[in-house]
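Reviewing the structure listed below.
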Amino acid sequence: METRLILFGPPGVGKGTQAKLLAEHFGIPHFSTGDILRAAVAAGTELGKKARTIMDAGKLVPDDIMINLVREALASSRAAKGFILDGFPRTLEQAKALSVIFRDLKILRFHVVNFEVDDEEIIRRLDNRLICPKEGKIFNLEFDSLEKGGQCPSCGVPLVQREDDKPETVRERLRIYHATTKVVVDFYKQQGVVMTVDGTGTVDVVNREIRMML
Ligand code: AP5
Ligand code: MG
């Protein structure tokens, strides 16, 4: 059976971390809209030029750009046997557009995994997050026994902090989440497809909980 998951929740809740584990477990692709945008910024494409200042300020990239990007990803042959969508939808407009995309692609079954962690823990996690700019791997200074300025244990390139993980930008991302994104979960609750996960356990505990619920 195809697995189609939407990972939903505030910045830093662990969507990317769990998406990578679940994608490996189920053998399906992981589409992170944030990763796609960061790759475009790094490559200096038109999309990247448009997105850069918006992302660095912690704001949302316009809906039409995001909807087209996701439509293209989900219509690709890679997504035919299932997928994990991480970071989309985050407005009601995007959620409604995704329903149209699913209808067009004849997708009837999907789940929304709704992660919950309080804002204080999120600020701590993002303050301690490092990423590998080459492979997109996600680390944390608190439990990955790394140091600031350290190297990726798998490919050796220097790890970096994301531009939008500065404390004032994290606060703005959280503000936007509470003001604009959080309501999207109600749209899905009305469809009876939401599974809520307590994101405060360890990475392994959260992963086991999601797999059990599925
Ligand atoms: P995006 O990249 O999607 O960022 P986000 O939603 O803010 O989420 P993050 O990637 O920051 O966090 P995460 O939940 O993936 O957590 P992670 O696993 O890394 O978007 C970035 C920007 O792109 C947006 O601000 C916007 O500008 C734009 N954008 C993207 N999509 C858009 C859309 N649809 N519409 C408009 N604009 C869009 O974990 C965080 C840290 O916690 C790590 O250090 C990790 O090691 C650690 N951690 C993970 N799990 C645990 C655990 N269980 N316990 C302790 N620590 C943990
Ligand atoms: Mg992420």
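Hydrogens, waters and symmetry mates play no part in the numbers below; they use all other heavy atoms, side chains included. Note that the numbering runs from 1 along the sequence shown for the chain.
Closest of all the heavy-atom pairs between Ser32 and Arg38 is OG-NH2, 4.4 Å. Residues Ile67 and Ala97 approach most closely at CD1-CB, 3.5 Å, considering heavy atoms. The minimum heavy-atom distance between Gly58 and Glu172, with the atom names listed, is O-CG, 4.1 Å. Minimum interatomic distance between Phe115 and Gly14 (heavy atoms only, all atoms of both residues): CE2-O, 4.4 Å. Nearest approach of Ala23 to His30, heavy atoms of both residues: CB-CB, 3.9 Å. Smallest separation of non-hydrogen atoms from Ile138 and Gly16: CD1-C, 3.6 Å.
Looking at Cys132 and Ser154, their side chains never come closer than 4.5 Å, going by heavy atoms from C-beta outward. You'll find the side chain of Val170 stays beyond 4.5 Å of the side chain of Pro11, heavy atoms only. In this structure, the side chains of Ile54 and Pro62 come closer than 4.5 Å at one or more pairs of heavy atoms. Counting heavy atoms from C-beta on, the side chains of Asp118 and Ile122 never come closer than 4.5 Å. The shortest side-chain heavy-atom distance between Lys50 and Ile65 falls under the 4.5 Å cut-off. Counting heavy atoms from C-beta on, the side chains of Ile131 and Val160 come closer than 4.5 Å. Between Met55 and Val61, the closest side-chain pair of non-hydrogen atoms falls below 4.5 Å.
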Legend entry - side-chain contact (heavy atoms from CB on, under 4.5 Å) evaluation trace for Val70 with Thr33: CA-CA 8 Å; Val70 168; Thr33 46; 3.7 Å; yes
Inset, instruction - Determine, step by step, whether Thr169 and Asp56 satisfy the side-chain contact (heavy atoms from CB on, under 4.5 Å) criterion, reporting the C-alpha distance in whole Å, the side-chain angles of both residues, the deciding distance to 0.1 Å, and the verdict. - result: CA-CA 7 Å; Thr169 317; Asp56 287 355; over 6 Å; no
Inset, instruction - Start with the C-alpha distance between Val206 and Val197, add both sets of side-chain angles, then the distance that settles side-chain contact (heavy atoms from CB on, under 4.5 Å), and finish with yes or no. - result: CA-CA 7 Å; Val206 174; Val197 180; 3.9 Å; yes
Inset, instruction - Evaluate side-chain hydrogen bond (donor to acceptor under 3.5 Å, both in side chains) for Glu121 paired with Thr200, printing each intermediate quantity in order. - result: CA-CA 8 Å; Glu121 168 72 7; Thr200 52; over 6 Å; no
Inset, instruction - Apply side-chain contact (heavy atoms from CB on, under 4.5 Å) to Leu69 and Leu37, showing your working. - result: CA-CA 10 Å; Leu69 200 147; Leu37 292 171; 4.1 Å; yes
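In terms of hydrophobic clustering, with Ile, Leu, Val, Met, Phe, Trp and Tyr side chains grouped at heavy-atom distances under 4.5 Å, Phe139 and Leu21 are assigned to different clusters. Residues Tyr188 and Phe83 share a hydrophobic cluster, clusters being chains of Ile/Leu/Val/Met/Phe/Trp/Tyr side chains in contact below 4.5 Å. Hydrophobic cluster membership is shared by Val183 and Phe8, with clusters built from Ile, Leu, Val, Met, Phe, Trp and Tyr side chains linked at under 4.5 angstrom. Two different hydrophobic clusters hold Leu146 and Val203 under the rule that ILVMFWY side chains link at heavy-atom gaps under 4.5 Å. Val117 and Met213 fall within a single hydrophobic cluster, where Ile, Leu, Val, Met, Phe, Trp and Tyr are joined by side-chain heavy atoms under 4.5 Å apart, directly or via other members.
Scanning for side chain to side chain donor-acceptor pair (under 3.5 Å) contacts around Asn68 gives an empty result, with sequence neighbours left out. Ser99 meets the side chain to side chain donor-acceptor pair (under 3.5 Å) test with no other residue; sequence neighbours excluded. Residues meeting the side-chain contact (heavy atoms from CB on, under 4.5 Å) test with Lys96, sequence neighbours left out: Phe187. Remark: Arg78 engages no residue in a side chain to side chain donor-acceptor pair (under 3.5 Å) (not counting sequence neighbours). Applying the side-chain contact (heavy atoms from CB on, under 4.5 Å) rule to Lys182 yields the partners Tyr177, His178; only residues at least two apart in sequence or on another chain are considered. Remark: Glu93 engages Asp63, Thr91 in a side-chain contact (heavy atoms from CB on, under 4.5 Å) (not counting sequence neighbours). Applying the side-chain contact (heavy atoms from CB on, under 4.5 Å) criterion to Glu2, with sequence neighbours excluded, gives Arg4.
How far CD1 of Ile36 is from CE of Met66: 7.0 Å, rounded to the nearest 0.5 Å. The CG atom of Asn128 lies 12.0 Å from the CD1 atom of Ile123; values are rounded to the nearest 0.5 Å. In this structure, CG on Leu74 lies 8.0 Å from CZ on Phe88, to the nearest 0.5 angstrom. Residue Ile84 holds its CD1 atom at 8.0 Å from OG1 of Thr3, rounded to the nearest 0.5 Å. Rounding to the nearest 0.5 angstrom, the gap separating the CG atom in Leu22 from the CD1 atom in Ile28 is 7.5 Å. Here the straight-line distance linking atom CG of Asp119 with atom CZ of Arg171 works out to 11.5 Å at 0.5 Å rounding.
Arg124 and Glu142 are joined by a salt bridge, as a carboxylate oxygen and a charged side-chain nitrogen come within less than 4.0 angstrom of each other.
Sequence neighbours left out, not one pair with a member in residues 186-209 passes salt bridge (charged side-chain N to carboxylate O under 4.0 Å, His left out). Listed by first and then second residue, the side-chain hydrogen bond (donor to acceptor under 3.5 Å, both in side chains) pairs that reach into residues 6-27 are Gln18-Asn207, sequence neighbours excluded. Counting only residues at least two apart or in different chains, salt bridge (charged side-chain N to carboxylate O under 4.0 Å, His left out) contacts with residues 157-166 comprise Arg129-Asp165, Arg162-Asp164, Glu163-Lys166, Asp164-Arg173, Asp165-Arg173.
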Table please: side-chain donor-acceptor pairs of residues 41-49 below 3.5 Å, with sequence neighbours left out.
{"residue": "Thr45", "atom": "OG1", "partner": "Ala40", "partner atom": "O", "Å": "3.4"}
{"residue": "Thr45", "atom": "OG1", "partner": "Gly48", "partner atom": "N", "Å": "3.1"}

Let me check something: any side-chain donor-acceptor pairs from residues 100-114 under 3.5 Å, sequence neighbours excluded? List them with distances.
{"residue": "Asp104", "atom": "OD2", "partner": "Arg71", "partner atom": "NH1", "Å": "3.4"}
{"residue": "Asn114", "atom": "ND2", "partner": "Thr196", "partner atom": "OG1", "Å": "3.1"}

